[in-house]
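Chain A is the first sequence line, chain B the second, and so forth, proteins listed ahead of strands; every chain is numbered from 1. The structure displayed is predicted, hence computed values, not measured ones.
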Amino acid sequence: MRFTFTTEPARFIERPNRYVILAEIRSGVTVRAHCPDPGRLRELLIPGATVHLSSTPREGRRTTHELRFVERPETGLLISLDSRLPNALFREALDERTLEPFSDWTAYEPEVFLPASGGRIRSRADFLLRGQDGARTWVEVKSATLVEDRCAYFPDAVTERGRRHLEELAAIARSGERAAVCFIVQRPDADMLRPQWDRDPAFAEALEEAERAGVLLTAYNADITLSEATLRRRIPVLTGRP
DNA sequence: GCAGGATAGCGTCGGGCATG
DNA sequence: CATGCCCGACGCTATCCTGC
């Protein structure tokens, strides 16, 4: 997927709130940029780190720039910080039928309500695919940016909502329909993905339980450049406690 | 008084709904 | 039918509140 924006490098200063960062661009001016990834990002947004911003001037907008990437300090490797990108990448891959587990559809629909379970409020799945045989597959796409020792970790911060999604997918799988999670790691340097047992044990347990219930767990890493993002290869999801 | 839990607000986007 | 407004989603953090 080619990006429709261009970026300029900047030096990360601070993050006054989860949506906003301050960074110094080359002219020496400090600018406010919207942070499109509400995760914690503690390991990535370190003062002094090189980030890449696109200019987004628009009337009524409170920031002049959008945070797009952060560089890994030692290597300069680019990491995308846009939590909307994984969804777009997944959709593009659906259209091009490049992901083996998700290539056999006759129609799909984004943002669909999950079947109501127990009369509770229904949450939404990212995609609903219809197969050749008419069978339905519910897919939840998740964005991961944190990698340590070539292992991606999800979530970055405790996610009540993410856990609930997994439980709902597990219920779907038990009812005989298909359900899947697709983690998109927005960087190339991960060979596997694990849940964060210490930061969010409830999510990790729900992921294990979802797998037992028959939910398909998939993950892909991505090549990120200043001009495009490409899903690179499928990596294993390891649910067990390390 | 203190610790821990609950909650609001932060910026943007897009879906849904109301209005013309 | 087209346009535009409003509100929900997203997670971190500061602040407020509750209960001991």
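- The CG atom of A/Asn17 sits 13 Å away from the P atom of B/dG9 (whole-angstrom rounding).
- A donor-acceptor pair shorter than 3.5 Å can be found between the side chains of A/Thr137 and A/Arg178.
- Of the listed nucleotides (C/dT13, B/dG11, B/dT12), B/dG11 has the atom at the smallest distance from the side chain of A/Tyr19.
- For the pair A/Leu67 CG and B/dG11 P, the interatomic distance rounds to 15 Å; values are reported in whole Å.
- When rounded to the nearest whole Å, the span between NE2 of A/His165 and P of C/dA9 equals 10 Å.
- In this entry the distance linking CG of A/Asp82 with C1' of B/dT12 reads 11 Å, nearest Å.
- Here the P atom of nucleotide B/dG14 and the CZ atom of A/Arg91 are 12 Å apart, to the nearest Å.
- The cationic group of A/Arg68 lies under 6.0 Å from the six-membered ring centre of A/Phe5 and within 45° of the ring axis, placing it in a cation-pi geometry.
- At the heavy-atom level, A/Ser83 lies nowhere under 4.0 Å from the strands shown.
- Using a 4.0 Å cut-off, no side-chain N or O of A/Arg15 falls inside it from OP1 or OP2 of B/dC10.
- Rounded to whole Å, atom P of B/dT12 lies 12 Å from atom CZ of A/Arg68.
- For the residue pair A/Met1 and A/Ala88, the shortest heavy atom distance occurs at CE-O, 3.5 Å.
- One can place NE2 of A/His34 at 13 Å from C1' of B/dG14, the figure rounded to the nearest angstrom.
- With 3.5 Å as the limit, one finds a donor-acceptor pair spanning the side chains of A/Gln186 and A/Ser143.
- In this structure, A/Asp37 atom CG and C/dA9 atom P are separated by 19 Å, rounded to whole Å.
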